[in-house]
Amino acid sequence: KKHLATDQNKIESLVNKSMNSVVSVFNFTTQTKFAYLKTRWRIQRKAPTLHRSIQSTATKAPMGNRCLNTQSSGGGGGGGGGFKKVSESDLFVSEPSPHMFGNEPNEAGSPHWTNTNWLKSRFHFSFAEYHNPERSSFGSLRVMNDDLVQPARGFGAHGHRDAEIVTYILQGSLTHQDQMKGGSHQETLGRGSVQFMTAGSGVQHSERNLSKDSPLRFIQMWFTPRARGLAPNYGSLDGSTVDMRDKWVHLVGDVKDSRNIPIKLNQDVNIHVVDLKQENKVTFELKLGRMAYLLCMEGSTKVIGAHGEESLKQYEAAHIFGSNNLELISSDQRSHCLLVEMASS
């Protein structure tokens, strides 16, 4: 420790090696956010503090090999109708500096802003500055972020690799831009739309709210692909063509699935969405050996099944295990829910 305290260059080297190790463990990264973490770590100049941070990083198990604790009342793991609620208070709230991703300073007192900071993110799993070994992933679902972006703000050009990324838009319009397919490509999508991206061997893109008076809210999910180094790909589904009123719509599936599904990923995963009117209901059969992450995006809903009855309100979620015949009943004027179904880990 004394030696480290007298040699700042070695401290910097250890920090860089530590962060590079984190990048390789995750298998994919948002480059700008890790740069932000590097900067935060470098601020901690005292050698003992750095020593503990470096030692902690070196001794932790790789996060990619850890999964969300799946034990719950009524069963868990492979079957028995296990159910565990994720309350809003369980989520990590991140409000990073507007200078990240090239944004202008926050606009204090703007009548069009619904939050004082340009971005408010609710993390369901460990991400960026949030590290929780008990909430590092759920099967192949590595990231689920509920992002609220204020007008004329967004995520400037940044990179991803080795991740299957799905974005579901809830409010406002999201403008995506990338350099794939030999030139600049830009697309703006509205409510109910989906964009997906195979980051594979590496992509650079931006995501922005170009509106000057309307906030943007979307759910972004990252899945671990079944193979690394895939060819990058981008696609989308216009929400205006989808009718999800009082019925499940199967938006995302596996490339190995022969069914007619609008979007297909390089992973055994299915995403279903429903928008229920008050007191209307839908059912979903979660088979043995499968599990699901259910998110209430808007409104509130009752979830009835082998586990009994639970209620979810906006931002809340649940991890559920088959076999379980689920029934969702809207307990608000509307209940907008998203269900991610996959093989049990």
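FYI, side chains are in, hydrogens and waters are out, and symmetry mates aren't considered; it's all heavy atoms of this structure.
When the side chain to side chain contact (heavy atoms under 4.5 Å, CB included) test is applied to Lys85, the partners found at least two apart in sequence or on another chain are Phe83, Ser87, Glu310, Leu312, Glu316. Remark: Asp257 pairs with Arg259 by the salt bridge (Lys or Arg N to Asp or Glu O under 4.0 Å) rule, at least two apart or across chains. Applying the side chain to side chain contact (heavy atoms under 4.5 Å, CB included) rule to Gln220 yields the partners Ile165, Thr167, Glu207, Phe218, Trp222; only residues at least two apart in sequence or on another chain are considered. Residues meeting the side chain to side chain donor-acceptor pair (under 3.5 Å) test with Lys247, sequence neighbours left out: none. Legend: residues meeting salt bridge (Lys or Arg N to Asp or Glu O under 4.0 Å) with Glu88, ordered by chain and number and at least two apart, are Arg122, Lys313. Shown here are the ring-ring contact (aromatic ring centres under 6.0 Å, His included) partners of Phe196, two or more places apart in sequence or in another chain: there are none. When the salt bridge (Lys or Arg N to Asp or Glu O under 4.0 Å) test is applied to Glu164, no partner is found at least two apart in sequence or on another chain. Annotation: side chain to side chain contact (heavy atoms under 4.5 Å, CB included) contacts of Val249 (sequence neighbours excluded): Val242, Met244, Leu251. Partners of Glu107 by salt bridge (Lys or Arg N to Asp or Glu O under 4.0 Å), not counting sequence neighbours, listed by chain and number: Arg153. Listed by chain and number, the residues in a side chain to side chain contact (heavy atoms under 4.5 Å, CB included) with Pro232 are Met180, Ser201, Val203 (sequence neighbours excluded).
Checking Glu129 against Ser94 by side-chain atom types alone, a donor-acceptor pair falls below 3.5 Å. In the model, Gln150 has a side-chain atom that pairs as donor or acceptor with a side-chain atom of Thr114 under 3.5 Å. Residues Asp147 and Ser121 have side chains that bring a donor and an acceptor to within less than 3.5 angstrom of each other. No hydrogens or angles considered: a donor-acceptor pair under 3.5 Å links the side chains of Glu95 and Asn115. Side chains of His124 and Asn145: no donor on one and acceptor on the other come within 3.5 Å. Between the side chains of Gln186 and Thr175, no donor-acceptor pair of N or O atoms lies under 3.5 Å. No side-chain donor from either of Ser173 and Thr188 sits under 3.5 Å from a side-chain acceptor of the other. Asp178 and His176 share a donor-acceptor pair across their side chains, judged by distance under 3.5 Å alone. Residues Ser211 and Asn209 have side chains that never bring a donor and an acceptor to within less than 3.5 angstrom of each other.
Atom CD of Glu279 is surrounded by 12 or fewer heavy atoms from other residues, nucleotides or ligands within 6.0 Å. The environment of Lys281 atom NZ is sparse: at most 12 non-hydrogen atoms of other residues, nucleotides or ligands sit within 6.0 angstrom.
Sorted by first and then second residue, the salt bridge (Lys or Arg N to Asp or Glu O under 4.0 Å) pairs with a member in residues 209-221 read Asp146-Arg217; sequence neighbours excluded.
Relative orientation of the His336 and Tyr168 rings is perpendicular, given thresholds of 30° and 60° on the angle between their planes.
We find the CG-CD distance between Leu174 and Glu187 to be 9.5 Å, quoted to the nearest 0.5 Å.
A distance-only check finds no donor-acceptor pair linking the side chain of Ser323 to the backbone of Leu288 [under 3.5 Å]. Under the 3.5 Å distance criterion, the side-chain polar atoms of Asn324 are left unmatched by any main-chain donor or acceptor of Lys287. Listed for the Arg142 side chain is a donor-acceptor partner under 3.5 Å among the backbone atoms of Ser126.
Summarising the hydrophobic clusters (Ile, Leu, Val, Met, Phe, Trp, Tyr; side-chain heavy atoms under 4.5 Å, direct or chained), the residues clustered with Ile329 are Ile304.
A salt bridge links Arg245 with Asp243: at least one charged nitrogen is closer than 4.0 Å to a carboxylate oxygen.
Across all non-hydrogen atoms, the minimal contact from Trp118 to Met100 is CZ2-O, 4.2 Å.
With Phe125 as the partner, the ring-ring contact (aromatic ring centres under 6.0 Å, His included) test is satisfied by one option alone out of Phe92, Tyr130, Phe138, Tyr293: Tyr293.
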